[in-house]
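What you see below is based on every heavy atom in this structure, not just the backbone, and it leaves out hydrogens, waters and symmetry mates.
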Amino acid sequence: MPTSFASFSSKIPQTLIHRTKRNNFIPGPFTSTDSIFFHRINRHQSLLTNPTLSISTPISAQVNLAPLMEENKRSEFDSADKMDNLYSEELEVAVKAVHMACLLCEKVQQSLVSKGLDQVHSKNDNSPVTVADWSVQATISWVLSEAFGKENVSIVAEEDVELLSKASSPNLLENVVKTVNECLANAPLLGLKAPTFALGAKEVLAAISRCNPIGAQSGRFWVLDPVDGTLGFVRGDQYAIALALIEDGKPVIGVLGCPNYPMKKEWLSYHNGYRRILSRLSSPTGEPWGKGCVLYAKKGSGSAWMQPLLHGEEKFVWPNFARQIKVSSIENPALATFCEPVEKANSSHSFSAGLAHSVGLRNQPLRVYSMVKYAAIARGDAEIFMKFARAGYKEKIWDHAAGVVIIEEAGGVVTDAGGKPLDFSKGIYLEGLDRGIIACSGANLHEKIMNAVDASWNSSNL
């Protein structure tokens, strides 16, 4: 996690709160004079237990208090450090793995745009899949397994090897193997280990196959969507690489790679081709921030972060220019922007539009492919994400896990339409989901959306 004086000092109030709870003080904001207050309280307690001291005894003379106070101070900071270190290694490896995947996807997407849709394949359910989907899954699977040991890593992901393993797809498998090896060769740039030898087809297929739905039944597992929003990906638009660590049914780490996310939020509603034109017309800033970013958060940290993508032969040095992100402070529905999926097949635009009107949302909806919608709320570019699936459609855990923890740690709220947290413990689907999913930048907007759902649901055709 990024370290700075500001982030270090932000721990101090929490430490003081822990101390006040033990001494039955009222927790609250603390100033530089509060240390004097605590000093006097400790002195008073010492008088009760040591009658040889008097009220007039100088604090400096009470040498018996200093070791105890210092010991308490160290133990409290040690405890805070332990909390900070929880999942820290997993988070850093996950961020670097997603960063590698973003660079892989950028290269594949450029090829798709130039060569056309003949590079896109169809799965058994007719959904699109590309070389990037399998390559990202193999890459992240390999990185996690090397970092933590195959026996310690359980991964649930979207893709399987059925199409790749067919005799009619030798060129497809060859392209995947080549793409994976090219990506892993750059691992040292991100401080990760590269393979000693180039992976063969057998190793790549094994890495992909290690990711299977069976792992979703265990208490701790990774969940991966290698390319979320494949339609956006093949059209040169928005997509995301989403990786989360689930423990006891709750996401504890969330990482979202958004290679096409523009740094200027007003460009988010433009197709990628228009953004490229606008970026050429805009003046350079001289900052490391161009197009694309990786967002990440750790459960319970109270903070979410965003890093720029690497360019060229740059080396990744943790935390790589990370900056903290926060949800929007807008509470007036008339000023709020809501996101919804581009595709109409799995969600009802008409129902969302009715809800938007009933709560007073006046801005045009921001229709974006993939979990970039979650990123937009976490970064403060939008305030609401609503998704109400059509009958028969079941939400999958890899479409939401990473986004949930990032929004929540950035200060937002994510629940189903009944106000319950999303449950990631029932396999690959979000079982028991109450009508739909509502993600908001704040509790007030969230409450208004839920009330509107209750008022409108019985009259809908969903």
Side-chain angles (χ1 to χ4, degrees), residues 90 94 97-98 101 122-129 132-134 136-141 144-145 150 152-165 205-231 239-257 299 341 343 345-347 369-371 373-374 385 387-406 414-417 420-437 439:
E90 292 92 336
V98 169
S122 294
K123 294 188 282 190
N124 291 335
D125 61 358
N126 292 323
S127 60
V129 63
D133 294 83
W134 289 298
V136 167
Q137 186 161 315
T139 297
I140 290 182
S141 173
L144 293 178
S145 297
K150 296 176 185 178
N152 300 319
V153 174
S154 177
I155 309 173
V156 178
E158 185 170 12
E159 307 305 336
D160 57 40
V161 298
E162 183 179 355
L163 182 58
L164 277 180
S165 302
L205 289 173
I208 297 171
S209 297
R210 278 198 293 272
C211 311
N212 61 76
I214 298 175
Q217 304 301 326
S218 65
R220 176 185 167 108
F221 60 92
W222 295 89
V223 59
L224 168 68
D225 194 336
V227 179
D228 182 43
T230 304
L231 278 176
Y239 65 97
I241 297 96
L243 180 63
L245 178 61
I246 308 293
E247 197 160 73
D248 299 325
K250 299 177 181 178
V252 294
I253 286 175
V255 186
L256 276 179
K299 186 69 176 178
E343 315 89 64
N346 299 327
S347 62
Y369 292 101
S370 79
M371 261 188 278
K373 294 180 284 290
Y374 279 100
F385 165 46
K387 186 177 182 185
F388 299 94
R390 296 184 180 277
Y393 181 80
K394 298 176 74 173
E395 297 288 350
K396 300 180 181 69
I397 58 175
W398 50 68
D399 288 326
H400 302 280
V404 167
V405 65
I406 293 172
V414 185
T415 69
D416 66 15
K420 295 182 300 183
L422 306 188
D423 186 354
F424 294 90
S425 67
K426 301 293 195 302
I428 66 171
Y429 297 108
L430 289 174
E431 302 288 358
L433 195 65
D434 187 345
R435 293 168 288 184
I437 295 173

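With sequence neighbours excluded, the residues forming a side chain to side chain donor-acceptor pair (under 3.5 Å) with Lys299 are Glu408, listed by chain and number. A search for side chain to side chain donor-acceptor pair (under 3.5 Å) contacts involving Lys150 returns nothing, not counting sequence neighbours. Scanning for side chain to side chain donor-acceptor pair (under 3.5 Å) contacts around Asp434 gives an empty result, with sequence neighbours left out. With sequence neighbours left out, Arg435 forms a salt bridge (Lys or Arg N to Asp or Glu O under 4.0 Å) with Asp454. Scored by the ring pair (Phe, Tyr, Trp, His ring centres under 6.0 Å) test, Phe385 finds Tyr374 as partners (sequence neighbours excluded). The side chain to side chain donor-acceptor pair (under 3.5 Å) search around Glu247 returns Tyr87, Arg220, not counting sequence neighbours.
In this structure, Lys387 NZ and Tyr393 OH are separated by 4.0 Å, a value rounded to the nearest 0.5 Å. Rounding to the nearest 0.5 Å places CD of Glu395 at 12.5 Å from CD1 of Ile428. One distance of note links CZ of Phe388 with CD1 of Ile437; it measures 9.5 Å at 0.5 Å rounding. To the nearest 0.5 angstrom, Leu144 atom CG is 6.0 Å from Leu243 atom CG. Remark: Thr230 OG1 to Glu158 CD distance equals 6.5 Å, nearest 0.5 Å. Taking CD1 from Ile241 and CD from Gln137, the interatomic distance works out to 13.0 Å, rounded to the nearest 0.5 Å.
The closest side-chain heavy-atom distance from Tyr369 to Leu231 is below 4.5 Å. Contact check for Ile246 versus Val252: no side-chain heavy atoms found under the 4.5 Å cut-off. Here the side chains of Thr139 and Trp134 are not in contact, with every heavy-atom distance at 4.5 Å or above.
Counting heavy-atom neighbours within 6.0 Å of Lys250 NZ, excluding the residue itself, gives a total of 12 or less.
The minimum heavy-atom distance between Ala101 and Ile140, with the atom names listed, is CB-CD1, 4.1 Å. Nearest heavy-atom pair across Ala242 and Trp398 is CB-O, 4.3 Å. The minimum heavy-atom distance linking Ala138 with Ala207 is given by the pair O-CB, 3.7 Å. Across every non-hydrogen atom of Ser370 and Asp228, the tightest pair is CB-O, 2.9 Å. Between Ala244 and Ala402, the shortest heavy-atom distance links the atoms CB-N, 3.7 Å. Between Asp416 and Gly432 the shortest heavy-atom distance is OD2-O, 4.1 Å.
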Self-check item: Pair Leu422-Val414, side chain to side chain contact (heavy atoms under 4.5 Å, CB included): steps then yes or no
Solution: CA-CA 8 Å; Leu422 306 188; Val414 185; 4.2 Å; yes
Quiz item: Where do Leu256 and Ile406 land on the side chain to side chain contact (heavy atoms under 4.5 Å, CB included) test, with the steps shown first?
Solution: CA-CA 8 Å; Leu256 276 179; Ile406 293 172; 3.9 Å; yes
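Lys396 and Asp399 are not joined by a salt bridge, as no carboxylate oxygen comes within less than 4.0 angstrom of a charged side-chain nitrogen.
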